[in-house]
Amino acid sequence: MRKILSLSVLGLKQVRRQKLFVAMVFFFILYLGFCLFLGKLSVAHADKVLRDTGLMGIEISLVILSIFGLSLDFARERSTHTLDIYLLHLGRSAYLAAKMLSYILASCLYLVISGLALSIFLLLYRSFTPAIFGALYSLLLKITLVIAFTSLFAVIFSSPLLAMSAALFIYIGAELLPAAWEIMSRTPNVYERGVIYTIYAIFPNFSRLDFRYLAVWGNFPSWTQIVQVTIYTLAYLVCVYLLNTIVFGKKEL
Amino acid sequence: MEELISVRNVSKSFSSRFVLKGINLEVRKGEIFGLLGLNGAGKTTLIKIILKFLRPDKGMVMWKNSLLTDVVIRDKIGYLPENFFPPSQLKAIELLEGLASTCTSTLPPPQLLKMVGLEKEAGRYLGFYSRGMMQRFGVALCLLKDPEVVIMDEPTLGLDIRGQRQMFDLMTSLKDKGKTIIFSSHILSQVQTIADVISIVNRGRISFGGRIEELLNLHSTKVFEEAFLKEIEKQ
């Protein structure tokens, strides 16, 4: 565990100093201006529009940071042979855990910075509700799964472009599948329904993880909900990590 | 001298193209072992097999007459990869200290940086290091866990004359400290200067293994380059 933590801290320092991280912070500050514009455009419920678009901005920038950052980072470490050095010190499964943990820690840091910026912004426009912290927590859980999938695809594919595309596909798929299942659950064809349900069950269930809509209306998730989504995320994370260690263990470098 | 690493009958192919065929070699304690060959001869592949980054199709790698394990690789072997570029967002001392906490026994990072002549650059970002400084830093990383064996893949690649000299001096000082060094190179003058024993890898096979004088005697010449070329063309 000490080894994993040491490498995670190194990884966190790297991510924090990357241009992408700084770019995402600036992107979010600019995005807040856009939120203000949307709030002004809305005929009513400007406070809810501000909360919703603000949280959406954090999610978009975090997805970009984790998918692009991790895929490119892994490819860079492979091409510069830093990966060889790390593997000689830690072994493959510990390296994967450390890499994922470093991006989860970086996401936490980004959530603190952007959450603080959003809170100040909402306070200024009298739209603040502490419920956004619940939404930020659920966002961290979602991003944890996105990071796990990105690291899996970064290991599977030699090309970072393919890894990014696959991770983005999983993210978009997981976001859209509940709607697809809603439509297909009404089809009389059992086979089609079965296929869609299987995909829906296998993909991470982002719709249930997301507390953004509760926060928009100023509502907190219940403790039961929080515990359930945390357990679900951890169980899913362990499954993807185990799959990743198997794939990485077989991979020739 | 005690046999540390021995490669026994190792073969490796990539998509049905043989890269290594029945490779056998022994590396003894305290020697500088030069792995020679033209570009694409299979030197890096062999090193990667020793370090278990690649799996051989046939054969095995032994450590002191028992199978080389992951634990031995992690504790006893240091490695400087070819074209190594450390992460540019980290400072030299940060990376060394971070990795030091992953090792069971380590040399103190400041001492290591002093050993490779980078003590004044400890707080500098690695992205600002020159190629030569990066290579020397790579050697410091190699020595972090105080390994018995140091494997260097083309350690002088991309270095100017001064950088090459510094690297040789480092390798010689490591030998004086009792380390065993395996290095690959295709620059013969370098190998002749420091290697105790050489193996020539040619088209995936070991065509010669022994001392440089033996190679020179074998081809009745005093010029190493000539002997090497004759050996390569023999097959």
Side-chain angles (χ1 to χ4, degrees), chain A residues 1-23 65 69-70 72-99 101-103 105-106 109 155 158 245 247-253, chain B residues 12 14 44-45 47-57 69-91 93-104 106 125-127 134 137-142 144-145 147 149-151 153-154 157:
Chain A
M1 196 61 199
R2 191 172 51 90
K3 289 181 177 190
I4 295 173
L5 279 175
S6 305
L7 195 63
S8 310
V9 172
L10 276 181
L12 173 64
K13 281 180 185 168
Q14 265 180 274
V15 180
R16 191 165 49 85
R17 291 167 188 167
Q18 271 170 11
K19 284 178 187 151
L20 186 62
F21 188 87
V22 182
L65 179 68
L70 184 52
L72 291 172
D73 202 12
F74 194 82
R76 198 182 307 119
E77 280 183 3
R78 200 186 276 187
S79 65
T80 59
H81 300 281
T82 313
L83 180 63
D84 301 357
I85 300 287
Y86 288 157
L87 291 183
L88 271 190
H89 282 86
L90 282 106
R92 295 187 184 210
S93 52
Y95 167 79
L96 281 178
K99 202 78 216 161
L101 188 59
S102 64
Y103 268 84
L105 291 173
L109 179 67
V155 165
S158 309
T245 51
V247 175
F248 199 34
K250 291 183 185 302
K251 190 101 181 162
E252 291 198 316
L253 298 167
Chain B
K12 178 72 185 169
F14 293 114
T44 301
T45 306
I47 287 175
K48 286 191 167 188
I49 285 175
I50 293 174
L51 294 167
K52 292 198 168 190
F53 290 145
L54 292 174
R55 273 184 298 276
D57 300 336
T69 61
D70 290 338
V71 180
V72 171
I73 292 174
R74 228 171 288 155
D75 293 344
K76 311 275 185 196
I77 300 179
Y79 174 49
L80 174 64
E82 183 183 3
N83 274 325
F84 171 59
F85 287 90
S88 55
Q89 297 92 354
L90 292 177
K91 293 171 186 169
I93 194 75
E94 281 176 348
L95 184 54
L96 277 174
E97 281 175 348
L99 285 178
S101 50
T102 68
C103 305
T104 42
T106 58
Y125 283 102
L126 289 161
M134 280 185 193
F137 178 73
V139 175
L141 273 178
C142 269
L144 187 62
K145 50 189 170 183
V149 179
V150 176
I151 300 180
D153 194 359
E154 303 278 5
L157 195 75

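Within every chain, numbering begins at 1; the chains are lettered A, B, ... in the order of the sequence lines, protein sequences first and strands thereafter. In this text, all values refer to a predicted model and were calculated from it rather than measured experimentally. Hydrogens, waters and symmetry mates are skipped; everything else that's a heavy atom, side chains included, is used.
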Interatomic distance, OG1@Thr80(A) vs CE@Met134(B), rounded to 0.5 Å, equals 9.5 Å
His81(A) side chain vs Asn83(B) backbone, donor-acceptor pair below 3.5 Å:
no
Between atom CG of Asp84(A) and atom CD1 of Ile47(B), what is the distance when rounded to the nearest 0.5 Å?
11.0 Å
Distance from Leu10(A) atom CG to Leu99(B) atom CG, nearest 0.5 Å?
6.0 Å
Measuring heavy-atom distances to chain A, does Glu97(B) have an atom under 4.5 Å in its side chain, in its backbone, in both, or in neither?
neither
Checking Arg16(A) against chain B: side chain, backbone, both or neither under 4.5 Å from a heavy atom?
neither
Quick one: pull up CG in Leu141(B) and OH in Tyr86(A) and give me the separation to the nearest 0.5 Å.
8.5 Å
Does Glu94(B) pair with Arg17(A) as a salt bridge, N-O distance under 4.0 Å?
yes
Which pair of non-hydrogen atoms, one from Lys145(B) and one from Leu88(A), has the smallest distance, and what is that distance?
NZ-O, 3.2 Å
Counting heavy-atom pairs under 4.5 Å with chain A, which one of Gly98(B), Pro87(B), Gly138(B) comes out on top?
Pro87(B)
What's the spacing between Leu83(A) CG and Phe53(B) CZ if we round to 0.5 Å?
7.0 Å
Looking only at heavy atoms, the pair that brings Gln14(A) and Leu90(B) closest together is CG-CG, 3.7 Å
Stepwise side-chain contact (heavy atoms from CB on, under 4.5 Å) test for Arg55(B) and Glu252(A):
CA-CA 7 Å; Arg55(B) 273 184 298 276; Glu252(A) 291 198 316; 3.5 Å; yes
With a 4.5 angstrom heavy-atom cut-off, which part of Ile85(A) approaches chain B: side chain, backbone, both or neither?
side chain
Leu144(B) side chain reached by His89(A) side chain, heavy atoms, under 4.5 Å
yes
